[in-house]
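In this chain, residues are counted from 1 in sequence order.
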Amino acid sequence: MDTLKDLYLNHGIFGHPSEGVWGLGCNPFSQRAVKNLFSAKNRPKNKSFIILAGHQNQIDTFLAELSEFDLKKTFEKWPGPHTWLIPAAKKVPSWLIGDTGLVALRLSNHSKVIEVTEELGGPICSTSANLSGEPPAKTKLEMKKIFGPDLFIVDGELGKLNKPTPVQELTTGKWIRK
C-alpha cells in the first residue's frame with residue numbers, strides 16, 4: 001500500500017480527520033491531484049477547496065500580499081477552526097482559486113492536521129469527505145463506502161466542532177458558512 005507521502009507526491013487523494021468532519025485531501029501544488037479531488041467528489045469546478053496548514057510557514061506564500069491589517073485580522077481566529085477567503089496572491093496556482101478570485105485558507109490547531117502537514121512538508125488541499133451536495137461522512141467506514149475500499153485514511157480523531165468550519169471573507173467580513 002502507498003504511504004501518505006507517496007500519495008501526496010503522486011497526485012493521490014486521502015482521507016483525514018479535521019476539527020469537525022472527516023476530510024479528503026491532496027497536494028495543492030499538483031494540478032492533477034486537485035483534478036482527482038474534484039472528480040472524486042463530483043464537485044463543480046467553480047467551487048474551490050480549502051488550503052489547510054498546520055504551521056504558518058506552510059502558507060506564507062498565500063499570505064504574502066495581505067496588508068498588515070488583514071494579516072492581523074486572520075490571526076485573531078488562527079490557529080483554529082476558521083476558514084478565511086482571501087484575495088489570491090500572484091504565486092497561488094490558478095487551480096486553487098475560486099471563480100471569485102479568492103482562495104480559502106485555514107491554519108489549524110488540530111493535532112492530526114499539524115502532524116500530517118509536518119509529515120508531508122506542506123499544506124494540504126482539503127474538503128469535506130462527501131459527494132458534492134451530500135452530508136459529510138461521519139466515520140472511516142462511510143468514507144470507504146463513498147470513495148472506495150482503497151481510500152487511504154489517516155488514523156486519528158475528529159476535533160470537537162461537529163460540523164464543517166465557519167468560512168468568512170477576509171476583506172468584507174461576509175459570512176459564507178457560520
Work out which heavy atom in Glu142 is nearest to a heavy atom in Ala137; give both atom names and the distance.
OE1-CA, 3.4 Å

Asn130 side chain reached by Pro135 side chain, heavy atoms, under 4.5 Å:
no

Dump the intermediate steps for side chain to side chain contact (heavy atoms under 4.5 Å, CB included) on Thr61 and Phe29, then the final yes or no.
CA-CA 12 Å; Thr61 299; Phe29 304 109; over 6 Å; no

Drop me the distance from Lys163's NZ to Ser128's OG, to the nearest 0.5 angstrom.
14.0 Å

Kindly give the heavy-atom pair with the smallest separation between Gly15 and Met143, and that separation in Å.
CA-CE, 3.3 Å

Under a single-linkage definition using a 4.5 Å side-chain heavy-atom cutoff for Ile, Leu, Val, Met, Phe, Trp and Tyr, are Val167 and Ile59 assigned to the same hydrophobic cluster?
no

Working to the nearest 0.5 Å, report the span between NZ of Lys140 and CD1 of Ile153.
7.0 Å

Linking I/L/V/M/F/W/Y whenever their side-chain heavy atoms sit closer than 4.5 Å, directly or via other members, would Phe62 and Leu102 fall into one cluster?
no

Side chains of Pro93 and Pro28: does their closest heavy-atom pair fall under 4.5 Å?
no

Side-chain ion pair, Lys45 and Asp99, N-O less than 4.0 Å
no

Side chain to side chain contact (heavy atoms under 4.5 Å, CB included) for Phe75 and Leu107? Distances and angles first, verdict last.
CA-CA 9 Å; Phe75 284 95; Leu107 178 58; 3.6 Å; yes

Side-chain contact test, heavy atoms from C-beta onward, threshold under 4.5 Å: evaluate it for His55 versus Ile114 and give yes or no.
yes

If you measure from CD on Glu134 to CD1 on Ile146, what distance do you get to the nearest 0.5 Å?
8.0 Å

Is a side-chain N or O of Asn27 found less than 3.5 angstrom from the main chain of Ala33, in a donor-acceptor match?
no

Verify, without hydrogens or angle tests, whether Lys41 (side chain) and Leu131 (backbone) share a donor-acceptor contact under 3.5 angstrom.
no

State, to 0.1 Å, how close Tyr8 and Ile124 come at their nearest heavy-atom pair, and which atoms those are.
CE1-CG2, 4.0 Å

Taking the side chain as every heavy atom from C-beta outward, state whether Ser108 and Ser18 have any atom pair closer than 4.5 Å.
no

Say whether, by atom type as modelled, one donor and one acceptor occur between the side chain of Lys144 and the main chain of Leu151 under 3.5 angstrom.
yes

Distance col, row Asn36:CG vs Asn10:CG, nearest 0.5 angstrom, shows 11.0 Å

Do you reckon Leu161 sits in the same ILVMFWY cluster as Val21, going by side-chain contacts under 4.5 Å, direct or chained?
no

State the CG-CD distance between Leu4 and Glu119, to the nearest 0.5 angstrom.
5.0 Å

Worked check of side chain to side chain contact (heavy atoms under 4.5 Å, CB included) between Cys26 and Val34:
CA-CA 7 Å; Cys26 72; Val34 174; 4.0 Å; yes

Quick check: do Asn109 and Trp78 have side-chain heavy atoms less than 4.5 Å from each other?
no

Take atom NZ of Lys35 as the centre, draw a 6.0 Å sphere, and report whether it contains more than 12 heavy atoms from other residues, nucleotides or ligands.
no

Which atom names give the shortest non-hydrogen contact between Pro123 and Ile51, and what distance separates them?
CB-CG2, 3.8 Å

Could you tell me which non-hydrogen atom of Phe38 sits nearest to which non-hydrogen atom of Pro44, and how far apart they are?
CE2-O, 3.3 Å

What's the spacing between Leu158 CG and His16 NE2 if we round to 0.5 Å?
10.5 Å

Has Glu157 got more than 12 heavy atoms of other residues, nucleotides or ligands less than 6.0 Å from its CD?
no

Over all atoms of both residues, closest heavy-atom pair of Asp155 and Lys112:
O-CE, 2.8 Å

Pro17 side chain reached by Trp22 side chain, heavy atoms, under 4.5 Å:
yes

Listing, residues 80-91 side-chain donor-acceptor contacts under 3.5 Å, not counting sequence neighbours, or none:
{"residue": "His82", "atom": "NE2", "partner": "Gln168", "partner atom": "OE1", "Å": "3.0"}
{"residue": "Thr83", "atom": "OG1", "partner": "Arg106", "partner atom": "NH1", "Å": "2.9"}
{"residue": "Thr83", "atom": "OG1", "partner": "Thr165", "partner atom": "OG1", "Å": "2.9"}
{"residue": "Trp84", "atom": "NE1", "partner": "Thr74", "partner atom": "O", "Å": "3.3"}

In the structure I gave you, are the side-chain heavy atoms of Cys125 and Leu37 within less than 4.5 Å of one another anywhere?
yes

Can you find a heavy atom in the side chain of Leu66 that is under 4.5 Å from one in the side chain of Leu170?
yes

